[in-house]
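To start, the structure under review is shown below, and the notes come after it.
Convention: sequence-line order gives letters A, B, ...; per-chain numbering from 1. From a predicted model like this one, the values you see are computed outputs, not experimental measurements.
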Amino acid sequence: QQQVKQSPQSLIVQKGGIPIINCAYENTAFDYFPWYQQFPGKGPALLIAIRPDVSEKKEGRFTISFNKSAKQFSLHIMDSQPGDSATYFCAASSAAGNKLTFGGGTRVLVKP
Amino acid sequence: GAVVSQHPSRVICKSGTSVKIECRSLDFQATTMFWYRQFPKKSLMLMATSNEGSKATYEQGVEKDKFLINHASLTLSTLTVTSAHPEDSSFYICSVGQGGETQYFGPGTRLLVL
């Protein structure tokens, strides 16, 4: 019930491509879904977050799509750049408990 | 978002010694902080929730006597790894809870136990 499944584990795109990372959850109590970006040896940085009352949210080149009925959400990185090469984690939490449940992570490599 | 620091960034210690890691919220008074552990190429694993002025809440399987957490002020939480062993070598990351669910993470502390 607490698991968040993330796919793919890794992906490689060319500069300008659109990496897409998918996450699925089971716990219907989850109502907050953030995405974090982590560079090697660093702590995760909050990228963007969404709540179930909207189906899409954009911040700069990052877009979250949310499908409440399917219990799935995804991150799109538009016009990807080599500097976007990092590990991305989706997560979920509920208002009842403030703990984050993380997906397994996706290593993204953007080739020049 | 909240700015979080950790000290030290890296530490190497001998087996059997204790190591203290500090987590500071620099611009926000944090009643709740979280401690995570991350193995190479793996996801973050929540170890415990640190509550200011009260005992920490540990996740299942985390030894509270092994990983001592103190949250004595609204800006500082500490994690002490007692009697460290090589299997405790890992990347330890703290986070600050702000505005409910949002968490902001520190830069992490790399612990190597020889």
(request) Report yes or no: do B:Tyr36 and B:Gln103 form a side-chain donor-acceptor pair below 3.5 Å? (result) yes

(message) As a test of understanding, state which of A:Phe73, A:Phe62, A:Phe102 forms a ring-ring contact (aromatic ring centres under 6.0 Å, His included) with A:Trp35.
(response)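 Of A:Phe73, A:Phe62, A:Phe102, ring-ring contact (aromatic ring centres under 6.0 Å, His included) with A:Trp35 is met by A:Phe73 alone.
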
(request) Find the one option among B:Lys41, B:Gln6, B:Arg110 whose heavy-atom pairs under 4.5 Å with chain A are most numerous. (result) B:Lys41

(message) Check this for me: does any side-chain nitrogen of one of B:Lys66 and B:Asp88 sit under 4.0 Å from a carboxylate oxygen of the other?
(response)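 Looking at B:Asp88 together with B:Lys66, the answer is yes, because their closest N to O distance falls below 4.0 Å.
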
(request) Name the region of A:Pro34, side chain, backbone, both or neither, that has any atom closer than 4.5 Å to a heavy atom of chain B. (result)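 For A:Pro34, no heavy atom lies under 4.5 Å from chain B.
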
(message) With a 4.5 angstrom heavy-atom cut-off, is it the side chain or the backbone of A:Gln9 that approaches chain B, or both, or neither?
(response) neither

(message) As a test of understanding, state which of B:Leu79, B:Thr80, B:Thr78 forms a side chain to side chain contact (heavy atoms under 4.5 Å, CB included) with B:Leu68.
(response)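 It is B:Thr80, the one option of B:Leu79, B:Thr80, B:Thr78 that forms the side chain to side chain contact (heavy atoms under 4.5 Å, CB included) with B:Leu68.
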
(message) Taking side chain as everything from C-beta outward and backbone as N, CA, C, O, which of these in B:Thr32 sits under 4.5 Å from a heavy atom of chain A? Side chain, backbone, both or neither.
(response)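 Looking at B:Thr32, just its side chain touches chain A.
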
